Trainee: 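Dropping a structure here in structure tokens format, bear with me for questions.
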Amino acid sequence: MTLRDLPSIDGLLSSEAGAALRAEFGHTLAVDALRLEVDRTRAAMRQGLPLPAAPDLVAGARRWLRVQLAASLQPVINATGVILHTNLGRAVLSQDAQRAMLAAAAGYSTLEYDLSRGERGRRDDHLEPLLRQVTGAEAALVVNNNAAAVLLTLTALARRREVVISRSQLIEIGGGFRIPEVLAQSGARLVEVGTTNRTHRGDIEAALGEKTALLLRAHTSNFKLVGFTTVPSLTEMVELGRAAGVPVVDDLGSGALLDTLSFGLGHEPTVQESVQAGAALVAFSGDKLVGGPQAGIVVGQASLIEKLRKHPLARAVRADKVALAGLHATLLHYARGEAVDQVPVWRMIAMTADNLRRRAEGWAAELGRGTLVAARSTVGGGSLPEETLPTWALALESEHVSALAADLRQATPPVVGRVEGGRLLLDPRTVLPEQDEALLQALRNVLS
Ligand SMILES: *Cc1c(COP(=O)(O)O)cnc(C)c1O
């Protein structure tokens, strides 16, 4: 067999296997993959390797195409017990939200159309009534995410002017969101007051002047400052702001609409509290504790919301129709008072340790492997730092626990657990009930 015996691309394409390859991937991709495979084989033959049979060449091309075209964004089973796992996509959406998003994706909609007048309508109008109802604010605007909401707010209201903020609130959220950098990007000038651990009313008062556009509070969503610390409350900031004619903007981050205290957690400030305290604008995420799709929500004074809406940046950070539809369905759960039952994030927060124990016991019984251990789940997603919820996890012992964790990550569907104390823990809190069977199957395959 010599290089001259290598089949031609046309020959391969017209073989039975080649026809199947074309049927699966289309002509262009099939030709590209076969060329690569033939080139690779030619190089291998020069190294003395034998000529493979034609169907094997086609099979090589097919393997390559499958790897190239596989979606890298794929569903996983989250057994980490971190409810708002940013790396795993934050909030799981309610059934109503999923249906609404599918409907918005599958057809035309009134996104920017007024049916009664047969004219152009406003994308912003769909969410405002519900957001007013749920948060008690006067007006609302929805953009792409909370980072965009904060950037838009600072740009539209404070460009070339000053923004006063406590040094303890110059926060960094994961993924490159840092308050000083967002401020710099907005063109506003940062005026930091107080010290890392203590900021007093007087510090803020002294900084307020002619050039002050805003007083900013940023929720320290992913860390806790303990010990000899103080910072003026939002109410105090609003008082100081009113005296100086300066609006207070509250970057709340997680945006709880329900009180986490009633679930045995610490208190996460709610949107309603910020509105009531008199914040002129409150910005928060759609996919953290709201439990909806990715979005940035700003609620507050109508005159300020109007300024944000009219700013050119608003067009660049607008929310997409699918997200708007999902957010609407999610907010309806709050308006109807059914969020704890219907919004998966709250359902997971509300699960009792007894229920979780029964589920983990069920897994252990089905598998005949593993032990039950008391563990802690976390809310995550930049909310309630240091706060945990009691849970029961299935613990798998192995001499090679990181290899076991890696094998489970490679399973179909992939399972992500948590390695703790030399064991692999699987926390039922974040595993959706309908995923139990798939989880057990993946475990059986990996453990056998
Ligand atoms: C999470 C968070 C943000 C960023 O929100 P995204 O929706 O991820 O863009 C901004 N500020 C605070 C305080 C946050 O917690």
Side-chain angles (χ1 to χ4, degrees), residues 82-93 127 131 140-155 158 163 165-186 188 190 192 214-225 231 234 237 248-257 260 265-271 273-274 277 279 281-300 308 313-314 316-320 322-324 326-327 330-331 345 378-387:
V82 182
I83 297 173
L84 293 168
H85 198 302
T86 295
N87 302 145
L88 299 182
R90 287 194 185 158
V92 173
L93 304 189
L127 271 295
L131 278 168
L141 176 69
V142 179
V143 294
N144 182 59
N145 58 12
N146 191 38
V150 175
L151 178 63
L152 173 62
T153 302
L154 296 173
T155 310
V163 174
I165 182 169
S166 163
R167 283 205 166 86
S168 59
Q169 294 171 5
L170 294 174
I171 55 165
E172 173 182 313
I173 308 299
F177 180 90
R178 305 171 112 188
I179 290 282
E181 289 170 11
V182 176
L183 263 159
Q185 183 60 41
S186 75
L190 169 67
E192 42 186 291
L214 297 175
L215 244 169
L216 178 62
R217 180 177 85 151
H219 179 41
T220 50
S221 20
N222 52 5
F223 69 100
K224 238 182 184 150
L225 205 58
V231 70
L234 186 61
M237 289 178 68
V248 176
V249 169
D250 192 17
D251 174 13
L252 256 192
S254 57
L257 293 167
T260 48
L265 288 164
H267 177 66
E268 177 77 5
T270 66
V271 180
E273 283 163 6
S274 293
L281 292 178
V282 186
F284 53 102
S285 297
D287 55 353
K288 289 184 181 173
L289 282 174
V290 172
Q294 180 187 305
I297 303 165
V298 196
V299 301
L308 304 197
L313 192 55
V317 297
R318 75 183 184 188
D320 110 283
V322 177
L324 289 175
L327 188 57
T330 305
L331 291 169
V345 168
T378 55
V379 178
S383 60
L384 300 156
E386 304 290 300
E387 293 284 337

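Counting starts at 1 for both ligands and their atoms, in listed order. Computed from a prediction, not measured in an experiment: that's the story for all the values here.
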Trainee: Where do Phe284 and Leu289 land on the side-chain contact (heavy atoms from CB on, under 4.5 Å) test, with the steps shown first?
Mentor: CA-CA 9 Å; Phe284 53 102; Leu289 282 174; over 6 Å; no
Trainee: Hey, mind stepping through Val150 and Leu216 against side-chain contact (heavy atoms from CB on, under 4.5 Å) and telling me if it holds?
Mentor: CA-CA 10 Å; Val150 175; Leu216 178 62; 5.5 Å; no
Trainee: For ligand 1, what is the set of protein residues having any non-hydrogen atom at a distance below 4.0 Å?
Mentor: Arg90, Asn145, Asn146, Ala147, Ile171, Ile173, Phe177, His219, Ser221, Asp251, Gly253, Ser285, Lys288
Trainee: Would you say CD of Glu172 has more than 12 non-hydrogen atoms from neighbouring residues, nucleotides or ligands within 6.0 angstrom?
Mentor: yes
Trainee: Let me know which of Val290, Leu257, Asp287 forms a side-chain contact (heavy atoms from CB on, under 4.5 Å) with Thr330.
Mentor: Val290
Trainee: Check each of Val182, Val249, Leu190 against Leu154 using the side-chain contact (heavy atoms from CB on, under 4.5 Å) test, and report the only one that passes.
Mentor: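 Per the side-chain contact (heavy atoms from CB on, under 4.5 Å) rule, the option paired with Leu154 is Val182, out of Val182, Val249, Leu190.
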Trainee: Once side-chain contact (heavy atoms from CB on, under 4.5 Å) is applied, do any residues pair with Arg167, and if so which ones, sequence neighbours excluded?
Mentor: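 Partners of Arg167 by the side-chain contact (heavy atoms from CB on, under 4.5 Å) criterion, ordered by chain and then number, come out as Glu192.
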